[in-house]
There are 2 protein chains.
Amino acid sequence: MSASKREELVQNALTIFYEGGFNAIGMDRIAAETGVSKTSIYKHFRTKEDLILATLRLHDEQFRNWLVRRVEVLASEPAQRLLAVFDALREWLLEPEFRGCMFVKASAEFQDRASPIHAASAEHKRLLQIYFEKLADKAGAGHPGELAAQLQLLIEGAITIAHLHDPHLAAETAGAAARVLINAALPANAVPMVAED
Amino acid sequence: MSASKREELVQNALTIFYEGGFNAIGMDRIAAETGVSKTSIYKHFRTKEDLILATLRLHDEQFRNWLVRRVEVLASEPAQRLLAVFDALREWLLEPEFRGCMFVKASAEFQDRASPIHAASAEHKRLLQIYFEKLADKAGAGHPGELAAQLQLLIEGAITIAHLHDPHLAAETAGAAARVLINAALPANAVPMVAED
DNA sequence: ACGGTGATTGACTGATCGGTACACCTTCCC
DNA sequence: GGGAAGGTGTACCGATCAGTCAATCACCGT
């Protein structure tokens with residue numbers, strides 16, 4: 001199996017797991033829907049857990065790349081980029097394929113902290129946190145780590161609520177709250193508040 | 001089976017599902033660990049889904065009762081009660097048995113919006129939102145629904161991050177962010193800010 | 001054209017899944 | 001004591017689980 005074939009398999013497995021859950025999807029179904037026989041899959045991934053880890057690694061890379069590039073396109077000023085994170089978030093939440101955060105689901109199904117899957121999910125969130133902290137620092141926040149942590153709570157909450165209720169409302173609420181938190185954390189009024197009517 | 005026996009079964013199933021996940025725990029294990037035979041369980045619950053729904057209903061009731069009473073004890077002034085929600089949240093996140101939100105996990109494993117389990121999870125969050133909105137209204141917020149939605153994002157985010165990373169940090173961050181959001185949403189300075197370092 | 005080699009496969013394993021058939025055993029009224 | 005009634009446990013159903021293996025396929029240098 002070529003490297004590209006392998007990546008294609010992981011990509012397809014990613015989609016299937018994302019739509020159906022990890023425990024609920026069996027390897028037989030992965031084999032059937034990807035067109036790759038189970039034996040071949042097990043040649044490249046020792047266990048189902050290994051395959052899941054590969055999908056998580058791929059998704060982590062794809063998602064963070066997408067986010068960083070989207071934010072770069074949406075804004076150029078550091079303070080505006082902090083807000084642009086929430087514009088990008090809205091775009092994601094409003095996608096019709098949106099089904100919540102894959103890593104949150106993974107950690108929900110593999111909750112043992114000793115599980116590599118749980119660890120991979122935690123690592124993804126940690127890398128995001130570092131990215132937000134860098135943005136907050138460039139924007140001039142007094143305590144960039146604190147602001148980044150606060151914004152991450154909003155983002156995770158918005159993902160959860162968007163999955164359970166209205167994605168529009170979750171995105172708008174997160175953006176409004178982020179505006180307040182960012183404004184409170186930046187020294188000057190670097191970010192204009194929306195009119196309070 | 002008496003009503004109390006039935007409730008005990010649901011309570012035990014709740015604990016087992018919470019610790020092990022819904023799909024990952026089989027009915028055989030529920031029977032073995034509760035000491036009630038599978039046949040008896042199926043006499044009272046038509047399907048596994050029915051049993052899960054019963055555990056979710058029980059947990060919804062227990063959790064919201066706990067939260068409301070805890071907030072009543074922790075604070076008496078309306079504005080302080082909004083903050084007390086985050087004190088209660090901290091207590092929960094720091095419990096050694098804390099494993100994330102049961103409803104978030106349920107909706108992660110049963111993501112089809114048509115699933116009654118997904119609906120029950122959404123309903124739980126909706127009831128919480130209504131409670132927060134009532135608190136925000138009594139505290140004098142100009143747009144209580146908006147403030148309540150923002151606070152709920154913080155809470156959901158804190159639950160997620162506490163499960164993946166440090167519960168202490170998640171609780172502290174949520175409390176600090178809530179303070180900022182509440183202060184910005186209330187007309188007077190009803191809630192004193194913490195010192196800025 | 002051919003022998004060899006590594007990738008691929010369909011068919012299989014024992015275990016477990018959600019759910020059920022039936023025999024049993026208590027309980028109660030008489 | 002007899003018998004009806006209903007709750008309970010054992011043993012089982014077909015389906016599916018993660019994972020394996022002997023046989024087969026495609027491709028390569030010669």
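- Between B:Phe103 and B:His124, the distance from one ring center to the other falls under 6.0 angstrom.
- Between B:Glu72 and B:Arg69 no salt bridge is recorded (no basic side-chain N to carboxylate O distance below 4.0 Å).
- Distance, B:Lys38 NZ to C:dA21 P: 13 Å, rounded to whole Å.
- Side-chain proximity of B:Ser40 to the nucleotides D:dC17, C:dG18, D:dG9 is greatest for D:dG9.
- The hydrophobic clustering, which links ILVMFWY residues whose side-chain heavy atoms are closer than 4.5 Å, places A:Leu127 and A:Ile159 apart.
- Put simply, CZ on A:Arg29 is 9 Å from P on D:dC17, counting in whole angstrom units.
- At the phosphate of D:dG7, neither OP1 nor OP2 sits under 4.0 Å from any side-chain N or O atom of B:His44.
- Across C:dT8, D:dT8, D:dA18, the shortest atom-to-atom separation from the side chain of B:Ser37 is found for D:dT8.
- The nucleotide whose nearest atom lies closest to any side-chain atom of A:Asp28 is, among D:dT8, C:dC17, D:dC17, D:dC17.
- The nearest whole Å value for the distance from the CZ atom in A:Arg6 to the P atom in C:dT8 is 12 Å.
- C:dT20 atom P lies 10 Å from atom NZ of B:Lys43, rounded to whole Å.
- As a whole-Å value, the separation of B:Lys48 NZ from D:dA15 P is 19 Å.
- For A:Ser115 (side chain) and A:Gln111 (main-chain N/O), no donor-acceptor pair under 3.5 Å exists by modelled atom type.
- Computed from coordinates, the A:Ile30 CD1 to D:dC17 C1' distance equals 13 Å when rounded to whole Å.
- Rounded to whole Å, the distance from CD1 on B:Ile25 to P on C:dG18 is 10 Å.
- The side chain of B:Thr39 sits closest to D:dT10 out of D:dT10, C:dT8, D:dA18.
- Rounded to an integer number of Å, the gap from OH of A:Tyr42 to P of D:dC17 is 11 Å.
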